[in-house]
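Shown next, in structure tokens, is the structure this report addresses.
The basis for the numbers below is simple: all heavy atoms, side chains too, and nothing from hydrogens, waters or symmetry mates.
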Amino acid sequence: MTPATPAAMTPGGAAVGLTVVVPAYNEEERLAPSLDAIRAHLDSLDAGAADDWELIVVDDGSADDTVAVIEAAAAEEPRIRLLRTPANRGKGHAVRTGVLASRGRRVLVTDADLATPIEELALLQRRLDEGAAAAVGSRALPGSRISVRQNPLRVALGRLGSGLIRAAAVPGIRDTQCGFKLFDGDKVRAAFADSRLDGWSYDVEILRHFHQQNWEVAEVPVRWAHQPGSKVRPLAYPAVLADLVRLRARSVRPAGLLVGLLYLGFAFFLYRGLWGDADGGGYLTDSGSDQRQWEWFFAVTADNVAHLRDPLFTDLQNFPLGVNLMANTAMLGLSVPLTPVTLAFGPQVTWSIVLTGGLAATALSWYWLLARRFVRSRWAAALGGAFCAFAPPMVSHGTAHPNFAVLFMMPLIVDRMLRLCEGRRTGRDGAVLGLFLAYQIFLGEEVLLLAMTGCGLFALGYALAAPDVARAVARPLLRGLGVAALVCVPLVAYPLLWQFHGAQSYRSVLHGQVGNNPMALLEFATRSLAGDPKVAASLSLNRTEENAFFGWPLVVVAVAIVVRLRDQPRVRALGFTALAAAVLSLGQNIPLLGTDRTLPGPWRLLAKVPFYESVIESRVAMVCVPALGILLALACDRLAVKRLRNERESSRRLLGWAGLAAALVPLVPTPYPTAGHAPAPAFVTEGTWRQYVRPGHSLVPVPVPGPEDTTALGWQVQAGLGFAFPGGYFNGPWGPDRIGIYGPEQRPTAELLRKVRETGKAPAIGDRERSAFRKDLAFWRADALVLAHQDHELPLRETVTRLTGRQPQWTGDTWVWDVHAMAEDGPRDGMTTG
């Protein structure tokens, strides 16, 4: 299809004021009155201008006498033109044929049945007079007047289709299918020259073209009456859905597709150890106990969904008290929809998908936001997106904390907030933002709190940099945030109520003061190309909490970018955001380097604030990641698109590229090391445990599971979650104030066995220990205790034997004390007392 030529140079003569295009297929019965009505109305508007309009009727391979009707009308009126297609190609093809042959400065497309009377043309013309590029008739606006309605099924299908069309292709237009549309002639010819759809969805494609070109489309309420003889059949609806898929596929830019594949490939490179043994053997060695905990979360969520149980709670750990899953990092927003994957392939595959796909999706989401809002160069956006997903803090949390690494919703939330600042559709954008926030709550609440903190810092920085702009956007932003709250709160009210007041809920997490060392901002992370594990370990809590480590070259380059682009308020605001977040991340007491003294940090202002009191303050440095990523993209964009005027500017550009390379190459992450999963004993995998544990009772691993030993979580998963056990690795309440701690509130027997494992010595056992042991067994509803091969196995076996007064049974690879059978037999004489 060749591009449309200017109207004045089209074959067939000079331009006219208005072209009316009518597609026709088997319309012999109702076409003649429609053509008469159109002609009469246009004549009444002409005021003697004989050539100021034309009427093009396109026959789409009709099998009746439609052509004869058109020819008869054309014989009476030379301004009526007949165009024919040899076979029925579809309404879209017919309209395209007529529009590309048109000469009008404006082009009206109307259906042959005139369901919208031609007299409504004046309403559409008025909107084009006011500056719109297109005006479309609408049956969905408050001022629309519908005299004869379609049957209820068609109305319902139409509304559903309109919603899908708005979401997938044409945001903001409530009725894209009304067959009465007026366009600017040159613009609509350009749009149809680029169009491909021949079916019923052609107008969606055209309106999408206008939307992409930022040409204003006005929606106008009109009169409309359903006419019998509609050509829309039931199969048209799935055809429209297929066309929407084609439109979305066409809208994918090759550069964007390539960038997405590069992100995904790099994520696979980092997690290649997981995928090399995705059948259960790949375990991230730096994750400590966290990977096993996450696999357990995925398995339990899938099991709850499959059996229609409450996904917010389980008693498989910490039996019989249970675990509040909403108060833990179960990531229900992913673990629930990935239930089929978990059930079919196991939680280790789900873990691998979440990490690999999540990091790639996060990078792609930031790329989309940067290309849409900040930069012109796609490769500048690609660089910024890569940094936002693969920066050192992200890679650190990618070891064990997907709730802090899988952040693909954040750019979508930021984009929607920026839309609110524009003040165009605050109601709709606020509602969408509310849905986004609700979903993010089910992905990770702490990271959402940090993101909103970062947005607040940026807003403050922008208000200082451009107060007039800040005042102008404040009202629509606040109004949209209010709408977002009205949408979000009802959706998350019950889960949050359960999280903070349900079974096993807690107030705040007890973690102490964990601020960043100032040097951590300048050094390199363990998994960075230039990283030194010993240096990183001396400046961080552990390898999963290397929350800074940006390296001194990047800090220098970021300062240079802010200074060089300081004329832009957004750059000054981003610099302020990064600096403020870095200072906050230092915690309540900032150490003075080279001394044993500290200075009070600004985090003291937030340390006692609800929700912030549970935040590990060093994590606030993660707010620096998107701020630095956007600054890097802006700098790269400036270098990529600025025209060179002299040799001096060429040298500056080379210096700029060299600076970016020096800052980023040392931060390139290296693959995560992996090891094999510890195999579960045959007692578990072969189902021998079923001989000992009754429904509603528990199996007690020795020692009792805790955050430092999560082996039993893997046993439970491999046993199909068939048995419960006390203890475990989760967040739960402790003490009368219900302070949040990691793991269960220790009972005497669990504490006793923990000390034996740590010291390797079996203690003396007396009546007090046995009494506490019997109470603990009763509380746990224990049927059996089991001891697998491990360090200090002998003192553990001696201790439990002294507590029970019975020798254990050897089941092949596991020691078992059948305490349920012992209770039925009663105590024996001669119990060893140590």
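Y202 places none of its side-chain heavy atoms less than 4.5 Å from the side chain of H93. The shortest side-chain heavy-atom distance between L481 and L433 falls under the 4.5 Å cut-off. Counting only heavy atoms from C-beta outward, the side chains of R373 and D415 approach each other to under 4.5 Å. The closest side-chain heavy-atom distance from I441 to C488 is below 4.5 Å. D52 is not listed as a side-chain neighbour of L18, based on a closest heavy-atom distance of 4.5 Å or more. With contacts defined as side-chain heavy-atom distances shorter than 4.5 Å, the pair V95/F192 qualifies. Residues Q125 and L128 are not in side-chain contact: their nearest non-hydrogen atoms beyond the backbone lie 4.5 Å or more apart. For the pair E216 and R127, the minimum side-chain heavy-atom distance is below 4.5 Å.
Between D194 atom CG and H209 atom NE2 the span is 5.5 Å, to the nearest 0.5 Å. Note that CG of L108 and CD1 of I56 are 11.5 Å apart. Values are rounded to the nearest 0.5 Å. To the nearest 0.5 Å, the span separating CD1 on I118 from CG on L42 amounts to 5.5 Å. With values rounded to the nearest 0.5 angstrom, S138 atom OG is found 12.0 Å from L123 atom CG. Considering CD1 of I70 and CD1 of I80, their distance stands at 9.5 Å, rounded to 0.5 Å. The CD atom of Q213 sits 11.0 Å away from atom NE2 of H211, with the distance rounded to the nearest 0.5 Å.
Residue E119 places its CD atom among more than 12 non-hydrogen atoms of other residues, nucleotides or ligands, all under 6.0 Å distant. Counted within 6.0 Å of CZ on R424, heavy atoms from surrounding residues, nucleotides or ligands total 12 or fewer; the atom is thus considered open. Counting non-hydrogen atoms of other residues, nucleotides and ligands closer than 6.0 Å to CZ of R84 gives a total of 12 or fewer.
The nearest pair of heavy atoms linking G430 to L420 is N-CD2, 3.6 Å. In terms of heavy-atom proximity, G385 sits nearest to L370 at N-CD1, 3.5 Å. In plain terms, the two heavy atoms of L332 and P311 that are nearest each other are CD2-O, 3.9 Å. Between V473 and C421, the shortest heavy-atom distance links the atoms CG1-O, 3.6 Å. Between S102 and V107, the shortest heavy-atom contact is OG-CG2, 3.7 Å. Closest approach of G137 to L124, counting heavy atoms only: N-CD2, 4.3 Å.
Relative orientation of the F183 and F210 rings is tilted, given thresholds of 30° and 60° on the angle between their planes. The aromatic rings of Y263 and Y367 lie perpendicular to each other, with more than 60° between the two planes, well past the 30° mark.
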Legend entry - Intermediate values then yes/no, side chain to side chain contact (heavy atoms under 4.5 Å, CB included), K181 and L207: CA-CA 10 Å; K181 298 178 175 69; L207 292 177; 4.2 Å; yes
Legend entry - side chain to side chain contact (heavy atoms under 4.5 Å, CB included) between R376 and R638, worked out: CA-CA 9 Å; R376 291 164 289 177; R638 181 75 168 262; 6.0 Å; no
Inset, instruction - Test side chain to side chain contact (heavy atoms under 4.5 Å, CB included) on R96 and S195 and set out the steps. - result: CA-CA 8 Å; R96 183 187 303 113; S195 67; 2.9 Å; yes
Inset, instruction - Report the C-alpha distance between R208 and E205 in whole Å, list the side-chain angles of each, state the deciding distance to 0.1 Å, and finish with yes or no for salt bridge (Lys or Arg N to Asp or Glu O under 4.0 Å). - result: CA-CA 5 Å; R208 180 171 176 79; E205 183 179 23; over 6 Å; no
Legend entry - Steps toward salt bridge (Lys or Arg N to Asp or Glu O under 4.0 Å) verdict (R81, E54): CA-CA 8 Å; R81 298 165 56 193; E54 64 176 351; 2.9 Å; yes
Inset, instruction - Dump the intermediate steps for side chain to side chain contact (heavy atoms under 4.5 Å, CB included) on L261 and V259, then the final yes or no. - result: CA-CA 5 Å; L261 291 175; V259 168; over 6 Å; no
Legend entry - Worked verdict on R106 versus D129 for salt bridge (Lys or Arg N to Asp or Glu O under 4.0 Å): CA-CA 11 Å; R106 292 178 178 177; D129 292 340; 2.7 Å; yes
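Using a distance-only test at 3.5 Å, with no hydrogens or angles considered, no donor-acceptor pair links the side chain of R103 to the main chain of A101. When atom types are taken as modelled, the side chain of D111 and the backbone of L114 share no donor-acceptor pair closer than 3.5 angstrom. Using a distance-only test at 3.5 Å, with no hydrogens or angles considered, no donor-acceptor pair links the side chain of E28 to the main chain of V69. S62 places no side-chain N or O within 3.5 Å of a backbone atom of D59 that could act as its donor or acceptor partner. Between the side chain of Q568 and the backbone N or O of R570 there is no donor-acceptor pair closer than 3.5 Å.
Checked against Y439 for a side chain to side chain contact (heavy atoms under 4.5 Å, CB included), the options L437, L435, L443 give a single hit: L443. With L369 as reference, V414 is the one residue of V414, L412, I630, I413 to meet the side chain to side chain contact (heavy atoms under 4.5 Å, CB included) rule. A side chain to side chain contact (heavy atoms under 4.5 Å, CB included) with C178 holds for exactly one of T110, V136, T116; it is T116.
Between the side chains of T66 and E27, no donor-acceptor pair is found at a separation under 3.5 Å. Defined by atom type and a distance below 3.5 Å, a donor-acceptor pair is missing between the side-chain atoms of D429 and T426.
Here R89 pairs with D198 under the salt bridge (Lys or Arg N to Asp or Glu O under 4.0 Å) rule; sequence neighbours left out. Every side-chain hydrogen bond (donor to acceptor under 3.5 Å, both in side chains) that D60 has, sequence neighbours left out, goes to T85, N88.
Salt bridge E76/R39: present, at least one basic N to carboxylate O contact under 4.0 Å.
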